[in-house]
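Take a look at the structure below.
Convention: sequence-line order gives letters A, B, ...; per-chain numbering from 1. Predicted model, so just to flag it, every value in this text is computed and none were measured.
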Amino acid sequence: MERIPIVKIGEILLVSIQTDLHDQAALGLQRDLLEKIQNTSARGVLIDISVIDIVDSFLGRVLSDTASMAGIMNATVVVVGIQPSVAITLVELGLELKRIHTALNVERGLALLQQKIGGIERVPVGAVEGPGSRPERRVNQNGR
Amino acid sequence: MVAKRPISLPITNELDIVKARQEVRSYAQSLGFSLVDQTRVTTAVSELVRNIVKYAVKGTLDLEMTEKGARKGLRIVCRDEGPGIPDIELAMKEGYTTGKGLGYGLPGAKRLVDQFEIWSEVGKGTRVTIIKWQ
């Protein structure tokens, strides 16, 4: 079965879905992502679906579930690159993907993730560990 | 435009769902459908064909061009000889499903097309006919 590559950059995992996924491939990606979150302690996941021209209820559900599952593992998922025709169809289908964060493109998605997880740039390298030394990590957890 | 020939696709496994989506999109494209309408009808078929794979194991997808005056349309028939749907009215209700909680299938597909017709008989099978006008 084909596997979708997952790239790690800092605390973020990047996935770019490049083909129309069959159901097992979508579920495989979900499993791979959760394992990778565990293995790498990633705090954010960015899924780029800009080349995907159809999201049906199954894929919509898999994306939503993945975001919830990653959330339980303390990682935030942002889906980016949803095409206008896909957005229209999703809403008409009744799947509004309310549970997932979305951003227009990769750049904005990364900015959103940085904001949500207190991005790598904002954590000084070699910061002194101790009480109150890493305030960025404690705020903005979105209730989780 | 040259009249498009009908296409018939056997549906036997989940890879056929992907194949069905590709065929429907390219058929709709060749009939001059807008990108949004291509996506609507392709998504509707994805929902219907998944039901075949999930509940009936195998079935058939038929695509053909239809006309009403100067208007072209895409007529799609999705049929199987599976277990059938005991209560169609209930299956057409929002959120109702007998599978793994993936509601939306039928009512969602219906909203994405212009005409939607369903026939089903327990023990005999199910046939869904949809039309999307250009």
Side-chain angles (χ1 to χ4, degrees), chain A residues 1-4 16-32 34 48-69 71-72 79-100 102 104, chain B residues 11-29 33-55 57 78 91-97 99-114 116 130 132:
Chain A
M1 194 182 78
E2 80 243 56
R3 292 181 92 156
I4 295 136
S16 180
I17 302 174
Q18 295 290 329
T19 51
D20 190 2
L21 290 184
H22 59 82
D23 298 358
Q24 284 308 313
L27 291 173
L29 173 64
Q30 177 179 80
R31 215 167 33 237
D32 287 352
L34 297 176
D48 179 14
I49 62 166
S50 56
V51 295
I52 295 296
D53 55 17
I54 165 174
V55 176
D56 65 359
S57 66
F58 184 85
L59 185 56
R61 169 63 75 98
V62 170
L63 288 172
S64 251
D65 285 353
T66 306
S68 301
M69 292 164 184
I72 293 171
V79 175
V80 305
I82 297 176
Q83 294 179 12
S85 54
V86 171
I88 291 167
T89 306
L90 277 173
V91 171
E92 288 177 354
L93 196 59
L95 273 177
E96 291 169 38
L97 303 184
K98 280 183 181 149
R99 288 183 297 157
I100 49 181
T102 55
L104 191 63
Chain B
I11 305 295
T12 55
N13 61 58
E14 72 167 44
L15 293 180
D16 292 333
I17 303 175
V18 176
K19 213 180 293 171
R21 290 201 288 247
Q22 288 162 353
E23 288 289 349
V24 171
R25 183 174 289 275
S26 87
Y27 209 102
Q29 208 168 12
F33 278 54
S34 70
L35 184 61
V36 178
D37 278 343
Q38 289 171 31
T39 307
R40 286 186 177 118
V41 71
T42 304
T43 307
V45 168
S46 190
E47 303 293 325
L48 298 177
V49 168
R50 178 168 293 102
N51 287 342
I52 295 183
V53 175
K54 214 157 94 182
Y55 301 109
V57 188
C78 228
M92 289 305 295
K93 268 194 189 162
E94 285 303 326
Y96 177 79
T97 174
K100 278 187 178 171
L102 297 176
Y104 309 120
L106 294 176
K110 187 180 177 184
R111 275 198 299 274
L112 293 173
V113 296
D114 298 313
F116 183 102
I130 57 176
K132 186 79 187 166

Counterpart residues, side-chain contact (heavy atoms from CB on, under 4.5 Å), relative to [X] (two or more places apart):
X: A:L90; value: A:V55, A:V86, A:L95, A:L97
X: B:S34; value: B:V36, B:D37
X: A:A67; value: A:V77, A:I100

Backbone N or O of [Y] within a donor-acceptor pair of the [X] side chain at under 3.5 Å?
X: B:S46; Y: B:T42; result: no
X: B:R40; Y: A:E92; result: no
X: B:Q38; Y: B:F33; result: yes

- Please list, in residue-number order, every residue in residues 13-22 of chain B that has a heavy atom less than 4.5 Å from any heavy atom of chain A; write 'none' if there are none.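 Counting heavy atoms that sit under 4.5 Å from chain A, the residues of residues 13-22 of chain B involved are B:E14, B:L15, B:I17, B:V18, B:R21.
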
